[in-house]
Student: 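Below is one structure. I have some questions about it.
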Amino acid sequence: MSVITRIPPSPTGMMHIGTARTALYNWLFAQHHKGQMQFRIEDTDRARYAPEFVESIKDGLNWLGLTWDGPILSQFDRRDRHAEVAHEMLKSGKAYYCYCAPEELEAMREKAKAEGSQAFYDRRWRDSSTTPPAGVKPVVRIKAPIGGTSVVNDKVQGEVVVNNEQLDDFIILRSDGTPTYMLAVVVDDHDMGVTHVIRGDDHLNNTFRQNIIYDAMGWTVPVYAHLPLILGPDGAKLSKRHGATGVAEYANMGYLPEAMRNYLLRLGWSHGDDEIISTQQAIEWFDLDHVHRSPARFDFAKLENVNAHYMKEADNQRLVDLVVPFIEKKGIKVDDLGRQRLLAGMDELKNRAKTLLQMADEGAFYCKSVPLDFDEKAKANLDPAVLKILAEKFNQLENFTPESIESACKDVANDLQGGKLGKVAMPLRAALTGTTVSPSVFHAAVILGKDEVLKRLSCIS
Ligand code: GLU
């Protein structure tokens with residue numbers, strides 16, 4: 001039987017990093033087994049639904065390169081099918097109508113609370129021969145097992161047992177005929193042929209209830225793997241307080257998708273001590289046996305280091321294409337010449353930058369035109385007297401190379417600054433880049449070209 005996994009996010013917010021990791025694991029597992037990952041939108045909560053949240057999830061999956069098979073399914077669109085299944089269970093005696101009034105339910109809840117019991121519904125209408133009250137629209141409840149225990153053999157959590165006393169005859173169809181979430185998930189997973197349910201462990205409790213529906217319908221229960229939560233560095237549930245939690249935010253901060261994939265893979269799964277794992281390798285290695293049982297802590301510094309690694313590995317032309325939008329976000333128009341210079345300087349830029357954002361900060365000067373804007377530190381370093389003499393020296397250089405530029409700087413340093421090269425190189429950097437942080441100024445000057453360098457120097461007075 002071929003493996004079918006699924007990613008069924010609820011579009012109630014921007015795509016979260018936890019959803020991204022769940023998607024990655026489902027995708028890797030499916031890829032490993034040459035199976036499929038299907039994509040279903042759990043959009044039944046119409047009050048919280050918004051199309052931009054669906055777009056955010058699609059964008060996030062696309063950015064991470066996680067492909068899905070078949071069309072995107074809408075759970076909301078399948079509500080008639082969910083109701084149909086509830087009616088089948090009514091017919092087979094596995095479910096029943098319940099006509100309880102809100103006050104009755106409230107009283108049951110109070111009683112259960114007083115007795116310290118988790119389940120509250122007293123099964124009043126199960127096997128009841130009472131005539132239904134007139135004018136009351138009933139809900140449909142499923143017959144949960146009475147007595148004994150239920151077991152889930154989870155691939156991550158191991159054997160998990162609950163006492164059936166904790167499981168109510170829960171509602172599967174509301175009085176307005178709409179399906180509950182619990183029913184919809186099971187019907188969809190079954191109809192989609194899902195073989196493996198890999199999801200957050202906040203759904204573990206639902207699993208016992210969902211299995212009651214599988215059993216009532218005589219359907220095969222899927223294999224379950226419940227992933228522990230992602231925590232912040234301090235051990236509390238990962239939240240905005242710790243930093244970015246949305247996938248798009250990481251894209252906007254200039255992380256590469258392959259770095260994010262690698263980082264998320266390791267956030268809860270391991271293969272020996274391997275840290276850098278290519279996607280191809282991950283597909284080959286990924287299994288559920290090595291998913292960690294304890295929650296992972298998000299480590300922002302580690303993500304940055306992983307990203308730095310992938311930046312160094314990335315193709316230079318691709319990096320140019322990726323960094324240009326970050327530079328343009330600063331209000332700098334990048335033309336062909338700017339792109340050429342970025343490409344020429346890319347070996348150095350990519351070795352320095354941990355993110356595309358940092359690369360944009362350090363490489364934007366290639367794309368600027370005179371007069372440059374200077375940041376405060378650069379302004380403080382501009383030394384017009386030094387720069388004027390430097391310009392004269394450069395003007396005489398026949399070969400404009402890093403070596404000849406450096407040697408001209410050394411001469412000026414010896415003449416004017418007691419031999420301190422930094423006192424010449426720093427003003428030059430400030431004049432050429434508008435900042436005080438950049439790749440080697442001698443290399444940068446060559447990439448800018450003699451004419452442009454002289455142009456930039458001539459603006460300083
Ligand atoms: N829609 C649920 C969520 O976003 C997932 C449910 C499931 O995986 O069964 O948390």
Side-chain angles (χ1 to χ4, degrees), residues 42 44-45 75-76 78-154 159-192 194 197 202-222 224:
E42 302 213 316
T44 49
D45 184 350
Q75 190 159 69
F76 183 67
R78 290 179 38 83
R79 57 199 184 281
D80 290 348
R81 166 67 182 146
H82 305 144
E84 181 184 293
V85 170
H87 285 281
E88 267 182 54
M89 286 191 268
L90 277 170
K91 231 184 265 159
S92 63
K94 306 282 186 184
Y96 60 95
Y97 286 115
C98 162
Y99 296 86
C100 283
E103 310 79 63
E104 287 177 85
L105 293 169
E106 197 40 50
M108 284 183 231
R109 256 192 213 103
E110 288 295 320
K111 185 162 175 279
K113 208 165 141 194
E115 289 166 359
S117 146
Q118 271 184 327
F120 75 93
Y121 182 67
D122 65 7
R123 306 192 178 95
R124 183 163 303 194
W125 287 92
R126 180 169 169 153
D127 306 317
S128 163
S129 50
T130 316
T131 313
V136 176
K137 280 196 173 161
V139 298
V140 176
R141 290 182 183 274
I142 195 162
K143 291 183 178 172
I146 300 175
T149 54
S150 294
V151 180
V152 168
N153 279 305
D154 191 271
E159 185 181 273
V160 190
V161 183
V162 298
N163 218 316
N164 285 337
E165 272 169 22
Q166 292 177 27
L167 306 174
D168 262 323
D169 283 359
F170 59 91
I171 298 173
I172 52 175
L173 219 52
R174 299 188 190 91
S175 55
D176 63 1
T178 58
T180 58
Y181 168 72
M182 211 62 86
L183 175 66
V185 170
V186 173
V187 175
D188 288 349
D189 282 347
H190 169 263
D191 288 0
M192 288 157 68
V194 170
V197 168
D202 45 335
H203 290 284
L204 184 58
N205 280 335
N206 291 341
T207 308
F208 294 97
R209 293 184 175 80
Q210 289 167 0
N211 282 353
I212 297 172
I213 303 176
Y214 279 102
D215 290 345
M217 290 303 293
W219 292 341
T220 309
V221 170
Y224 290 106

Student: Among K94, M89, H190, find the one that has a side-chain contact (heavy atoms from CB on, under 4.5 Å) with I213.
Tutor: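 Checked K94, M89, H190 against I213; only one passes side-chain contact (heavy atoms from CB on, under 4.5 Å): M89.
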Student: Using modelled atom types and a 3.5 Å cut-off, is there a donor and acceptor pairing between side-chain atoms of R174 and backbone atoms of V139?
Tutor: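 Not confirmed, R174 side chain does not pair with V139 backbone.
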Student: Does any N or O in the side chain of R126 come within less than 3.5 Å of the main-chain N or O of A144, such that one atom is a donor and the other an acceptor?
Tutor: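 Checked: pair present.
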Student: Would you say Y97 and V140 make side-chain contact, with heavy atoms under 4.5 Å?
Tutor: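 Side-chain contact under 4.5 Å: yes.
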Student: Hey, what do you get for CG (L167) to CD1 (I142), rounding to the nearest 0.5 Å?
Tutor: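 Nearest 0.5 Å value for the CG-CD1 distance: 11.0 Å.
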Student: Find the distance between CD (E103) and CD (E106) and round it off to the nearest 0.5 Å.
Tutor: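 These two atoms lie 9.5 Å from each other.
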Student: Would a distance-only check, ignoring hydrogens and angles, find a side-chain to backbone donor-acceptor pair under 3.5 Å from S92 to E88?
Tutor: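 Yes, S92 side chain to E88 backbone: donor-acceptor pair under 3.5 Å.
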Student: Enter the distance from D188:CG to H82:NE2 here, rounded to the nearest 0.5 Å.
Tutor: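 Output value for this atom pair is 3.5 Å.
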Student: So D191 and R78, side chain to side chain contact (heavy atoms under 4.5 Å, CB included) or not? Walk me through it.
Tutor: CA-CA 11 Å; D191 288 0; R78 290 179 38 83; 2.8 Å; yes
Student: Taking the cut-offs as 6.0 angstrom to the six-membered ring centre and 45 degrees off its axis, would you call R109 and F120 a cation-pi pair?
Tutor: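 Yes, R109 and F120 form such a contact.
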Student: Donor-acceptor pair, distance only, cut-off 3.5 Å: does the side chain of N164 make one with the backbone of I146?
Tutor: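 No; judged by distance alone, with no hydrogens or angles, the pair does not exist.
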Student: V186 and W219: side chain to side chain contact (heavy atoms under 4.5 Å, CB included), yes or no, with the steps?
Tutor: CA-CA 10 Å; V186 173; W219 292 341; 4.1 Å; yes
Student: Does a side-chain heavy-atom distance below 4.5 Å link R79 with T44?
Tutor: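 SC-SC contact between R79 and T44 ruled out.
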Student: Measure the spacing between OG1 of T207 and CD of Q210 and express it to the nearest 0.5 Å.
Tutor: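 It comes to 5.5 Å.
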Student: Is the count of non-hydrogen atoms from other residues, nucleotides or ligands lying under 6.0 Å from E165 atom CD greater than 12?
Tutor: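 No.
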Student: With a 4.5 Å cut-off on side-chain heavy atoms, are M182 and F170 touching?
Tutor: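 A side-chain contact exists here, since the closest heavy-atom pair is under 4.5 Å.
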Student: Which heavy atom of N163 sits nearest to which heavy atom of G148, and what is that distance?
Tutor: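 Result for this residue pair: OD1-O, 3.3 Å.
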Student: Looking at D168 and R141, is any side-chain nitrogen of the basic one under 4.0 Å from a carboxylate oxygen of the acidic one?
Tutor: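 Salt bridge between R141 and D168, a charged N being under 4.0 Å from a carboxylate O: no.
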Student: Say you draw a straight line from OG of S150 to CG of D215; how long is it, rounded to the nearest 0.5 Å?
Tutor: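 Here the interatomic distance stands at 8.0 Å.
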Student: Mind telling me whether Y181 and H203 have parallel, tilted or perpendicular rings, with 30° and 60° as the class edges?
Tutor: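 Tilted: the ring planes of H203 and Y181 meet at 30° to 60°.
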Student: Looking only at heavy atoms, what is the nearest atom pair of Y224 and Y214, with distance?
Tutor: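 Heavy atoms of Y224 and Y214 come nearest at OH-CE1, 3.6 Å.
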Student: Let me know which of N206, V151, V152 forms a side-chain contact (heavy atoms from CB on, under 4.5 Å) with N211.
Tutor: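 Of the listed residues N206, V151, V152, the side-chain contact (heavy atoms from CB on, under 4.5 Å) partner of N211 is V152.
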Student: Rounded to the nearest 0.5 Å, what's the gap from CD on E84 to CG on L173? Could you check?
Tutor: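 Result: 12.0 Å between the selected atoms.
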Student: So, is the end of the R124 side chain (NZ or CZ) under 6.0 Å from the ring centre of Y121 and within 45° of the ring's axis?
Tutor: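 Because its charged atom misses either the 6.0 Å distance or the 45° angle limit, R124 does not stack over Y121.
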